[in-house]
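Chain letters run A, B, ... following the sequence lines, proteins first, then strands; residues in each count from 1. Heavy-atom basis, side chains included; hydrogens, waters and symmetry copies ignored.
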Protein chains: 2
Amino acid sequence: MTASPPPQGTHPYNRSMSTRPTRTNRRTVYDELRRRVIGLDFGPGAPLSENELAAELGVSRTPVREALIMLAQDGLVQVFPKVGSFVSRVDAQRVSDAQFLREAVELASLDDIPADPDPEVVAELRANLAQQELAEDDLDQFFLLDEQFHHGLLRLAHHEGTWQSVVAAKAHLDRARRLGLHDRSLHDFTVQHTEVLDALLSGGAEEARPLMRAHLRAVFDDIERLRARSPELFAPSVGQPTRRNIAVWE
Amino acid sequence: MTASPPPQGTHPYNRSMSTRPTRTNRRTVYDELRRRVIGLDFGPGAPLSENELAAELGVSRTPVREALIMLAQDGLVQVFPKVGSFVSRVDAQRVSDAQFLREAVELASLDDIPADPDPEVVAELRANLAQQELAEDDLDQFFLLDEQFHHGLLRLAHHEGTWQSVVAAKAHLDRARRLGLHDRSLHDFTVQHTEVLDALLSGGAEEARPLMRAHLRAVFDDIERLRARSPELFAPSVGQPTRRNIAVWE
DNA sequence: CAGCAAGTGCTTGTATACAATAACTGTCTA
DNA sequence: TAGACAGTTATTGTATACAAGCACTTGCTG
């Protein structure tokens with residue numbers, strides 16, 4: 001009873017796997033809510049009612065609730081039992097940690113990119129950069145291309161499995177960036193991306209590392225500048241029960 | 001409707017937070033199942049029936065199901081819709097990526113440990129090492145102390161927020177280690193831990209880094225040796241629909 | 001008027017019933 | 001005997017009903 005035998009015969013692990021769409025409502029709701037949280041359609045601190053979301057999305061509470069549990073594990077939502085669910089505030093410490101993790105992983109991965117990288121992936125990265133230059137006005141499109149670019153670099157290093165952790169950290173960074181990223185041109189980032197790739201292909205990890213570090217730091221500096229300007233958007237690092245009233249919309 | 005206003009008055013974020021136990025059944029089940037998966041009470045590939053688990057644990061399907069969803073996000077469980085839920089096999093690529101992420105984060109964190117580290121945490125680490133020497137026969141106890149040790153190092157670097165990602169990666173490593181970690185004495189690891197801490201406190205990150213790298217590599221080498229010896233415990237990196245029959249227990 | 005207290009409405013947590021579907025099993029047929 | 005095929009069983013996905021608890025409201029009371 002406690003020790004169940006492994007599956008016999010055709011195990012799902014051995015079957016198609018590739019041709020398996022299996023789009024459950026839970027997954028659809030998860031993707032949608034995650035998009036709204038990162039895209040600031042749901043601002044930090046906003047309450048998320050399971051009943052309301054279920055009604056709006058045309059499903060029952062179950063898939064909504066399960067999606068919220070997944071988002072809570074991502075750190076994007078906080079669930080207070082018997083009280084309510086809320087979009088996580090932008091925690092300064094969490095943003096810092098996300099930046100730290102991303103920087104550590106992405107810089108280390110540069111060392112594992114072979115001297116003869118997969119030409120197919122390189123071509124994708126080139127095409128991606130070309131698109132970045134065209135999409136510098138569309139923040140959503142730019143973030144999408146940005147994700148694909150950094151994902152591609154990890155694929156070059158054969159560390160695609162770490163992408164999940166990186167993208168989870170990146171979610172918090174992007175949310176913070178989106179709060180006040182209007183005065184800086186996205187073109188700067190595209191230039192930095194191009195410099196990183198060029199240095200990598202010509203000089204290897206040695207030359208690419210300082211450029212990558214500068215790029216990731218530039219992203220982080222943007223967030224720090226925003227925090228200095230609008231500290232109220234960020235949650236206190238270790239919250240004493242402050243109980244000051246939050247500004248009320250409307 | 002789409003843009004809910006932020007909470008008014010006393011927001012849960014402003015309340016106790018510290019004195020909030022809130023142990024739901026979901027959390028209890030999650031902790032228990034995670035312990036069993038990592039502790040190999042549920043072997044890789046074992047089927048996990050929601051109904052069976054619910055009956056055994058004395059709860060309904062709901063908390064069990066939600067716990068499985070959380071475990072699936074950790075990569076420890078795979079859920080195939082309308083088919084079944086299974087403990088993830090030990091994927092070689094995933095173990096490699098987990099090792100890579102852990103190494104990148106922990107090595108980078110050494111640089112951020114101040115020259116005058118928190119004496120309280122240092123004392124905890126010393127006490128932890130003393131306990132390690134006493135617990136070298138109890139694998140469960142050793143893994144617990146090992147976690148606390150590496151967690152403490154991250155706390156010294158003020159990057160405690162990354163612990164969640166590290167412990168998620170460590171779960172896959174520990175599971176792999178547990179499969180065949182019997183021929184090597186745990187004492188070696190305790191010695192390595194001590195060397196890392198001593199070097200850190202006397203010579204800083206410069207001296208600690210190579211020792212930490214050696215330690216993490218030693219853990220990884222253990223796993224690689226196991227894979228060479230018992231490849232059937234590992235899932236194929238990119239699964240072609242192999243359909244070979246898995247060895248059947250009992 | 002201040003303070004307290006019961007009540008009310010909302011929230012999430014849990015249990016359960018039903019639906020959809022994949023996989024196995026037995027039977028029938030050529 | 002081999003294979004096709006339909007029925008059976010077990011699985012997860014979803015919807016819904018009920019339970020438990022917190023926070024706010026409202027009325028009472030001193």
Contact list (N/O, under 3.5 angstrom) for nucleotides 9-14 of chain C vs protein:
unit_1	atom_1	unit_2	atom_2	d
C/dT11	OP1	A/Ser49	OG	3.2
C/dT12	OP1	A/Leu48	O	3.0
C/dT12	OP1	A/Ser85	N	3.4
C/dT12	OP1	A/Ser85	OG	3.3
C/dT12	OP2	A/Glu50	N	3.3
C/dG13	OP1	B/Arg26	NH2	3.1
C/dG13	OP2	A/Arg65	NH1	2.4
C/dG13	OP2	A/Arg65	NH2	2.6
C/dG13	OP2	B/Arg26	NH2	3.2
C/dG13	O5'	A/Arg65	NH2	3.4
C/dG13	N7	A/Arg61	NH2	3.2
C/dG13	O6	A/Arg61	NH1	3.0
C/dT14	OP1	B/Asn25	N	2.5

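Comment: A/Arg27 engages A/Asp31 in a salt bridge, judged by a side-chain N to carboxylate O separation of less than 4.0 angstrom.
With sequence neighbours excluded, the residues satisfying side chain to side chain contact (heavy atoms under 4.5 Å, CB included) with A/Ala54 are A/Val64. Take A/Phe149 and apply the ring pair (Phe, Tyr, Trp, His ring centres under 6.0 Å) test, not counting sequence neighbours, and it matches A/His193. Residues passing the side chain to side chain contact (heavy atoms under 4.5 Å, CB included) test with B/His158 are B/Pro114, sequence neighbours excluded.
Side-chain contact check for A/Val90 versus A/His172: every heavy-atom pair is 4.5 Å or farther apart.
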For residues 66-77 of chain B, dump all side-chain donor-acceptor pairs below 3.5 Å to protein atoms at least two apart in sequence or in another chain.
unit_1	atom_1	unit_2	atom_2	d
B/Glu66	OE1	B/Arg26	NE	3.3
B/Glu66	OE2	A/Arg65	NE	2.7
B/Asp74	OD2	B/Tyr30	OH	2.5

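An angle of 10°, rounded to 10°, separates the two end axes of the helix from C/dC1-D/dG30 to C/dA30-D/dT1, each defined over five pairs.
Judged by distance alone, with hydrogens and angles left aside, the side-chain atoms of B/Arg94 form no donor-acceptor pair with the main-chain N or O of A/Gly161 at under 3.5 Å.
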